[in-house]
Asker: 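Take a look at this one; I'll ask things after.
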Amino acid sequence: MEGRKKYFLIALSLLLLAPSGRSAERPKVGLVLSGGGAKGAAHIPVLKLLDELEFPVDCIAGTSAGGIMGGLYAAGYSGAEIEGIFNAADWNDLFSDRPPRDLQPFFEKRLDGRYQLEFPLRKGIPSTPAGLISGQKFFDLFFSLTFPLAADIDFDELPIPFRCLAVDIVSGRLVILKKGSLARALRATMAIPTLLAPIEWDEFLLVDGGVLNNLPVDVIKDMGADIVIAVDLAGPLSSREDLATAEKILAQTLQSVELEQKKDKLEKVDVLIRPDMKGLSSADYFSPDKMARIREQGEEAARKARPSLLALREKFGLVRRPRVHPKSDARDQKRLLGYTVITGNDKIPASFIVKLFGLKTGSWVNAAEIGLKVNALYALGYFETIQCDIFPGEGDTIDLQLTVRERPRANLRLGLHYNGYHNLVAAAGLYATNFPFPGLRLENELEVAGRTRLFSKISYPTETLDFPVYPLLYLEHRNVPTRLYGGDGQIIADYRDRSFSLGGGLGFLLRKTMNLEIAYEREWMNIRSQPAFFPRDPNLELKADLRKLQLQATIDTLDNLRLPENGLFLRALFEGSYESLGSATAYERAEAWADIYTTFREKNTLRLYGYWGTSRGNLPFYKRLNQGRPETFVGMGYDQLQGDTMKILRGEFRYRFTNFVHFKIMTNVALDFEQRGSEVARSPGALWGAGAGVVLNSPIGPLDLVFSLGSKGVSDPSTLQGAATLELGARF
């Protein structure tokens, strides 16, 4: 009995002294995940299979998309949770630098979607950015997913030790990231050169690690892995016949280099999982069909790998030990804020940035609240990037470090627009903030080719862009081709709406969505017409000196201007030209319109449009209310719907077939139409129109093609005419 007790105590002592992790006999399992952009979705079924089999993973190394998946898995997310994150991602939004529109100051909202290209001015010279996009939204996402991990954490301290790869483009060397901000590491490993701006990391300037090592088997072996499971997303080489474009030749060249690099690595892989990526590419984020195929191929590859994984588990007795994972909702838990430190700023004082950021020492914060403040700061347009890191503070507090990169104070924006009447119109905008002194805003816009417009404005909304009252001065020159129609729908004249204006007044910012501007304006008209003009009042001056009061009120809650899905845009205008001010003509005109959008069941968008306009006095023909635009009234010609009084109701339904293709139908009616001083004083009935069209959401802006049927003229609304309109590009 004493002997048994002795042996029992010896055995118990050996068990207590043994390491709590994997036993000395069990081999160490390493997981390698390759890069592949959108093809990275194929990693998810493999991660889910490992969870299902409770297969142990002792270390992870990944590159690019594989680095992101591997980093989240190492931080404690399950394969199913990563799948949920991936499925919920809005890729169109992530691959855009446009901040959330509801956070943008009113001045920036007006420019949203107005141009296709933007160039910062450095020392007065337009320059290209470090990448097509800064990648701010990717960093925001990674920060929220890794909160509250400290920015100086050793990646060996994660639930699963982790490494991801990047390339320092200064030295051309491969950099293995194993300590620091996990969010910044994930952003660095995916920084595709020229597409995403590189990431500063100590003395390095980092881009996508796939440039030099897309399948880091050597890294996982250096981490001590005895068994290597690798997921390789490389597609097959294209045939000679398929190598017909520069894009395919370049891709095949890079892949050939990668194949040569992988020869020795693959010999060290115990289980190689290679989904069939034929016909799929790293840029397929925006194609639901191809993304579905990527997932299917990942699932098929995981099914084929199951027997090999089961055999390994059985052979070596591989059992996943319980490990403490951070809760998936940890980023929503509150933390006590200590200090907020600003780095990277040059011209903008740190104290001012902290004030704008708005989170105070001693407040309880979570990832969502910090992200909201970062987005609001970014929406001001002062910064190219804002990266937020967390460090342990005093006691139980956390300190925030905001690393900012300031935008140049001025930028040049370029845009193109086409419509069936003005044809091609090119636009350039030169905008400057805090120049030549803090708080001042300069706006200069030029449109040329199919029509001419020059607009310059100086205002002082202060640096915060939300001061409730601000002064403004502006000038404008217009030279716009315009048509006049007879009551029978025939064009009777073309003329040039030419004028030069100077104005000044006050603006009022009620919120980010509401604005009111009141100004006194002097406008010199210089109308140019055909030699044989239409019959008119012989006393009507085509060269008139107008002195008037202007009022403009706007409410803008639209989610975007290109293809709105939700929100309201409401604008009211008043213009009063008075002889008491020295004006050549006395009149008043007022108009208001509202655009309301709502989307249901994700793909169905309903638009309701309403317009009201009236005038009195001696309103010149060149100041008539004009609703003759495809976006306001279909079924009639461009500029055809001009009058002194009218009301419009319009309903429109748009269906999003794909992210690229939308179909729509619409109908509208104009009531109480009146045109004084012409052959038709009042339309004998309602003017109407209906149409159908297709919208292609192209990279340069929506291509909007509409076929419609409507009233031919205001004197005979029941006579029908057909119309086709095409608009393409930026909205200006």
Side-chain angles (χ1 to χ4, degrees), residues 29-57 59-74 77-87 89 160 164 190 210 213-217 219-220 225 227-238 251 255 258-259 261-263 265-285 287-315 318 320:
V29 178
L31 176 64
V32 178
L33 302 177
S34 82
K39 295 186 292 184
H43 287 312
I44 295 174
V46 176
L47 299 178
K48 292 174 68 177
L49 176 63
L50 294 173
D51 289 339
E52 178 191 340
L53 299 179
E54 295 188 350
F55 199 95
V57 176
C59 51
I60 301 175
T63 299
S64 194
I68 296 170
M69 300 289 184
L72 295 178
Y73 197 69
Y77 287 93
S78 68
E81 288 172 329
I82 295 173
E83 181 178 45
I85 294 167
F86 196 90
N87 291 343
I160 303 175
C164 67
M190 66 165 292
N213 191 345
N214 202 42
L215 190 69
V217 175
V219 176
I220 208 74
I227 296 175
V228 177
I229 302 168
V231 185
D232 184 9
L233 301 180
L237 293 173
S238 300
Q255 190 173 347
E258 182 186 343
L259 284 173
Q261 294 175 343
K262 286 195 299 190
K263 284 182 179 179
K265 297 177 184 177
L266 294 178
E267 295 177 358
K268 302 174 183 178
V269 174
D270 297 278
V271 178
L272 178 62
I273 303 174
R274 183 174 280 168
D276 183 2
M277 295 287 107
K278 185 176 182 180
L280 301 169
S281 80
S282 59
D284 286 337
Y285 292 103
S287 171
D289 292 340
K290 289 188 176 181
M291 290 303 296
R293 283 180 53 199
I294 290 171
R295 291 189 182 91
E296 290 170 1
Q297 293 302 328
E299 291 168 358
E300 178 64 22
R303 281 194 294 270
K304 291 180 179 179
R306 177 186 286 268
S308 299
L309 294 174
L310 288 173
L312 277 177
R313 189 179 69 175
E314 184 69 23
K315 179 179 179 180
L318 301 176
R320 175 182 290 185

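One-based numbering along the sequence shown.
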Asker: Is there side-chain contact between V32 and K268, with heavy atoms separated by less than 4.5 Å?
Answerer: no
Asker: Can you tell me if N214 uses its side chain to pair, donor with acceptor, with the backbone of S34 under 3.5 Å?
Answerer: no
Asker: A74: which residues meet the side chain to side chain contact (heavy atoms under 4.5 Å, CB included) condition with it, sequence neighbours left out?
Answerer: I60, L158, I160, F162
Asker: Taking all heavy atoms of L49 and all of A302, pick out the closest pair and write down the distance.
Answerer: CD2-O, 3.2 Å
Asker: Return the minimal non-hydrogen interatomic distance between A80 and D51, and the atom names on each side.
Answerer: N-OD2, 4.5 Å
Asker: Any side-chain heavy atom of E81 sitting closer than 4.5 Å to one from L72?
Answerer: no
Asker: Applying salt bridge (charged side-chain N to carboxylate O under 4.0 Å, His left out), name anything that partners E299, two or more places apart in sequence or on another chain.
Answerer: none
Asker: For a 4.5 angstrom cut-off between non-hydrogen side-chain atoms, does L47 reach L31?
Answerer: yes
Asker: Could you tell me the separation between the NZ atom of K265 and the CG atom of L215, rounded to the nearest 0.5 Å?
Answerer: 6.0 Å
Asker: The criterion is side chain to side chain donor-acceptor pair (under 3.5 Å); which residues satisfy it with E52, sequence neighbours excluded?
Answerer: R306
Asker: Does S287 have any side chain to side chain donor-acceptor pair (under 3.5 Å) partners at least two apart in sequence or in another chain, and if so, which?
Answerer: none
Asker: So which atom in T63 and which in G210 form the shortest heavy-atom distance, rounded to 0.1 Å?
Answerer: CG2-N, 3.1 Å
Asker: Taking the side chain as C-beta and beyond, is there a heavy-atom pair between V231 and L233 under 4.5 Å?
Answerer: yes
Asker: For a quick test of reading the model, state the closest non-hydrogen atom pair linking R274 to D232 and the distance between them.
Answerer: NH2-OD2, 2.9 Å
Asker: Can you find a pair of side-chain heavy atoms, one from M69 and one from I44, that are under 4.5 Å apart?
Answerer: yes
Asker: Distance from N213 atom CG to S64 atom OG, nearest 0.5 Å?
Answerer: 12.0 Å
Asker: Once side chain to side chain donor-acceptor pair (under 3.5 Å) is applied, do any residues pair with R295, and if so which ones, sequence neighbours excluded?
Answerer: N87
Asker: With sequence neighbours excluded, what pairs up with E54 under the side chain to side chain contact (heavy atoms under 4.5 Å, CB included) test?
Answerer: R320
Asker: Between R303 and E300, is there a side-chain N and carboxylate O pair less than 4.0 Å apart?
Answerer: yes
Asker: Does a side-chain heavy-atom distance below 4.5 Å link I229 with L309?
Answerer: yes
Asker: With a 4.5 Å limit on heavy-atom distance, are the side chains of Y73 and L33 in contact?
Answerer: no
Asker: Determine, step by step, whether L310 and L53 satisfy the side chain to side chain contact (heavy atoms under 4.5 Å, CB included) criterion, reporting the C-alpha distance in whole Å, the side-chain angles of both residues, the deciding distance to 0.1 Å, and the verdict.
Answerer: CA-CA 8 Å; L310 288 173; L53 299 179; 3.8 Å; yes
